Amino acid sequence: MSEAVADLAPATIGVDRRAVEEAFETGRLKVSRPPSRSIGDYSIALHYLFKLGGVDQKDWPHAAGRLIEALTSSKYKDECYVARAEFVNGYLNLTIDFNRLARVVLDDVLRGGVEERLRSVGGGRVVVVEHTSANPVHPLHVGSGRNSVIGDTFARLLSKLGFRVSRRFYVNDMGRQVAFLVYGVSILKEAGVQPGGEFKTDHWYGIVYALTNLLIEERRLLREVREAEKAYWEALARFVEWAGREGAVPGSALDELRSLLAMRSFNKSAVKVARRLATVLSGLEKALANAAELKALKDSLERYTELSREHAKISFLVRRLAVRAPEVYLALSSRILDDRRALDDVRKLMKRCEEEDPATLSLFHEVSESVVKGFKETLDRLNIHFDAFDWESSKEVLEGAHEVVKIVESKPFARREAGALLVDLDQAAEDCGFVRELFSPDRPGKFIIERSDGTTLYVTRDVSYSVFKFRGTGADVVYNVIASEQSREQKQVKALLYLLGYEREARNLVHFVYELVKLKGMRMSGRRGVYYTLDELVEDYYAVVSKVYYETGKSRALEPAAREDVEKTLRELAVANARGLLLSVEPFKVLTFDPSRLEEALYGSTVLYSYVRLQSILRKLKGLEPLENMERLKAEASSLQWGGYKPSEVEEQILDALAEFERVVLSAYRELKPNKVLEYAMSLSNLVNKFYESHRVMGEPDPEARAFREALVVATLAVMKELVDILGFPHVRRI
RNA sequence: GGGCCCGUCGCCUAGCUUGGAUAGGGCGCCGGCCUUCGGAGCCGGAGGUCCCGGGUUCAAGUCCCGGCGGGCCCGCCA
């Protein structure tokens, strides 16, 4: 179309051909959608052309008339399937001959043209997608679930585009978090408490991890509360003494303060006294405005109140978990008595781990592996699979990390500070544009890659792992699906790679940023054992989907034998809905949702239901199982003829949508927005539902209409199948 | 203090890269249809200062500048 305008504009509007082409290339001119279908199918805003050609506004209609005249009498009328062209205040509106367009669009899908073009994008090149990579200390929650779904969908998209995709999970089995878990586990081992029990392994470890953290924190707070309590009694005693001496406080208030102070011997009433005291003191506020004595008492009172409130909160969380796993609680709470000693033990563990002590490493590895086993079950259920789990504690990564240190040591941008090896990127940036631009407009800053005790840090190991991801797999591009909070670390890795001479790798390491998940009415924290797990999400969706299913009354004809199939299908719908929800928002936007309102986000159901409808049409029409016979269906459909059949409005919209498929997939890939595929699948599904409501295929008397619809349904199903593949939804056949 | 990201009906979201007409869709709400090619469907309705203020332009949700609000990051943590 743009070519047609470029060709015809010189003679009709008086604009140079080259200028028009340029306008299309730069986007000053473009073919777009008019606001309403009744206006036309496509439109081009000609204002810019008129301006270029110096056409006065009152002459617009004439010039446009000449353009339309030329357009409709040229070869372009046919080539662009123009049925009608009109000019309305500045816009050239085009109506498309869908009968002719249909042939092209449908054949493109049915004969595999679209598929082939998409596959040629990757052309067999290897890419790595690292995703999920959650710390193996508690089950995957919906936050990590978002990472998994985005990562897996993107990986599926890449493989549709002809890339050879290696999906990798980086297991962070070193470091503080795992050390806490290992500490808890070792206590339980001594106490003879077995892992798992009635819990899924990762859920059990999650409780152990949280309880270990919480108990240590609780002991610390208890200690601090006691100190604060002592301090405030003393402050009160001093205040009373002072007030009595100075007579600064009315007698009645002083009496009350004295009686409160007397309560000290009844140890337990400290909280009540504090509350009462606060009221009495606020009554004295005016009279004693700036007295230092009052302020001192108030401060110590405040500190006590705050600490005891915090302590109560932690105790509540401890009790919550204690009820769920009593034997774990009993064992841990009887052994974790002093927070300082416990922390010291954890530190020792961590140190031994970082020093790469074999026995400690294997203990860490063993615990992580159990948790990862739970991850795998969760992810398998969601159709998410990996080509490899790469361990941070592996020889490759650790040796590589030491190698990195050794090389960096001799570089001018590195120096020792108090024994630790520091990388000064500010300095490196001075003569490295890559690093400068990477952080711009921020300053690159500095960071440590080796502690003074000779152990490496997370970033160091990540650099080593990045090298492995490229060199070990032969990848051209590596995508790291990692939360936005790690942006800085990711830049540091890229910068260091570049500075170490891995320039290609640095340029082709893509941080695929996604934002966190927030729940209405819950602040998730793995350390405190407060989270909404991915397993629960699927379970909750299962409940929602079952409710909808059984409420429609469809179940009444259900025979016992069919029951199992139904359960399976409902599970599949639950999976699709969970994936749909987590994919529904653009990756770099915070995803907020309310777990009690899952029934409002049924993307999976909507898409799969339309998918099933298309299948059922063809199953009935052709007497075969559609998904198993796609090639045959496509071949047959591509030879169908429908003469001059004029598609209905809905049919036109479906054709439009099918023609969009390729563009959508490509932009989802280029813009790192796999959610676009879901968005598109939803709109196609809605169109399918409309079509299904008002059009017959089998019952259609007109053979041309029937032929057209068969071809349309087959092509739509073919596209839907691709979509369901990319989205990782189960290929449901019946609901 | 500095940097990054986000702000569109009650809620969620598309459109912003490349400016173009009446800002598209979903949930929920209200009112009507649906028993089919296997019942999560269809039609209609209400609901919008596109965060605010300037600027550029024939034209701004879109571009530029300045604010405001929310999230995140600036460790010998991971």
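Since the model is a prediction, treat every value here as computed from it, not as a measurement. Reminder, nothing fancy here: chain letters follow the sequence lines and each chain counts from 1.
Put simply, A/K690 has no side-chain N or O that comes within less than 4.0 Å of OP1 or OP2 on B/G41. The shortest distance between the side-chain N/O atoms of A/Y458 and the OP1/OP2 oxygens of B/A78 is not below 4.0 Å. Taking only side-chain nitrogens and oxygens, A/K589 comes nearer than 4.0 Å to OP1 or OP2 of B/A14. Side-chain N/O atoms of A/R451 include one lying less than 4.0 angstrom from OP1 or OP2 on B/C77. Remark: A/K51 is not in phosphate contact with B/A59, judged by side-chain N or O atoms under 4.0 Å from OP1 or OP2.
Across all strands, A/M682 comes closer than 4.0 Å to no nucleic acid atom at all (heavy-atom distances). No engagement by A/E599 is indicated, since no non-hydrogen atom pair under 4.0 Å with the nucleic acid exists. Using a 4.0 Å heavy-atom cutoff across all strands shown, A/E489 reaches at least one base atom of the nucleic acid. Using a 4.0 Å heavy-atom cutoff across all strands shown, A/Y91 reaches at least one base atom of the nucleic acid. A/S616 comes within contact range of the sugar-phosphate backbone alone, with a heavy-atom separation under 4.0 Å but no base atom that close. When heavy atoms are screened at a 4.0 angstrom cut-off, A/S605 is found touching base atoms of the nucleic acid. Base contact: A/S43 has a heavy atom under 4.0 Å from a base atom. Base engagement by A/R696 is indicated by at least one non-hydrogen atom pair under 4.0 Å involving a base atom. Nucleic acid contact for A/N93: base, since at least one base atom lies under 4.0 Å from a heavy atom of the residue. Note on A/Q615: nothing from the nucleic acid sits closer than 4.0 angstrom, heavy atoms only. A/N135 comes within contact range of the sugar-phosphate backbone alone, with a heavy-atom separation under 4.0 Å but no base atom that close. Residue contacts shown for A/I44 are absent, as no nucleic acid heavy atom lies under 4.0 Å away. Among the atoms of the strands shown, none is found under 4.0 Å from any heavy atom of A/G445. Note on A/V585: only backbone sugar-phosphate atoms sit closer than 4.0 angstrom, heavy atoms only; bases stay farther off.
Although no hydrogens or angles enter the test, the distance criterion places no donor-acceptor pair under 3.5 Å between the side chain of A/S144 and the main chain of A/A134.
Here A/R488 contributes atom CZ and A/F447 contributes atom CZ; the two are 10.0 Å apart, rounded to the nearest 0.5 Å.
For A/F588, counting side-chain heavy atoms from C-beta on, the closest listed nucleotide (B/C72, B/C6, B/G28) is B/C6. Checked against B/G71, B/A40, B/C77, the side chain of A/R176 finds its nearest nucleotide in B/C77. Closest to the side chain of A/L516, out of B/C4, B/C34, B/C72, is B/C72. Listed nucleotides: B/C73, B/C42, B/A78. Nearest to the side chain of A/R488: B/C73. With B/G3, B/C73, B/U13 as the choices, the nucleotide that has an atom nearest any side-chain atom of A/E679 turns out to be B/U13. The side chain of A/E693 approaches B/C34 more closely than any other nucleotide in the set B/C34, B/C73, B/G20. Side-chain atoms of A/L570 lie closest to B/A40 of the nucleotides B/G38, B/A78, B/A40. Of the listed nucleotides (B/G71, B/G2, B/A78), B/G2 has the atom at the smallest distance from the side chain of A/D442. Of the candidates B/G26, B/C27, B/C76, B/G26 carries the atom nearest the A/N686 side chain, counting heavy atoms from C-beta on.
Applying the 6.0 Å contact sphere to CZ of A/R415 captures more than 12 heavy atoms from other residues, nucleotides or ligands.
Checking A/S648 against A/E651 by side-chain atom types alone, a donor-acceptor pair falls below 3.5 Å.
Atom-to-atom, CG of A/L602 to C1' of B/C27 comes out at 9 Å; the value is rounded to the nearest Å. Regarding A/R347, its CZ atom lies at a distance of 16 Å from the P atom of B/C76, rounded to whole Å. The OH atom of A/Y609 sits 8 Å away from the C1' atom of B/G38 (whole-angstrom rounding).
Judged by the 6.0 Å and 45° rule, A/R571 forms a cation-pi pair with A/Y542.
Residue A/S452 places a side-chain atom within donor-acceptor reach of the base of B/C76, judged by atom type and a 3.5 Å distance cut-off alone.
Heavy-atom minimum distance, A/M174 versus A/V178: O-CG2, 4.0 Å. Of all heavy-atom pairs between A/F439 and A/A495, the closest is CE1-CB, 4.1 Å.
Under the 30°/60° scheme for interplanar angles, the aromatic rings of A/F375 and A/F169 are found to be tilted.
Atom name C1', nucleotides B/C9 and B/C72: the rounded distance is 28 Å, in whole Å.
For A/Y692 and B/G41, the ring-to-base geometry does not satisfy the stacking test (centroid distance below 5.5 Å, interplanar angle below 30°). Aromatic stacking is not marked for A/H47 over B/A59, as the cut-offs of 5.5 Å for the centres and 30° for the planes do not both hold.
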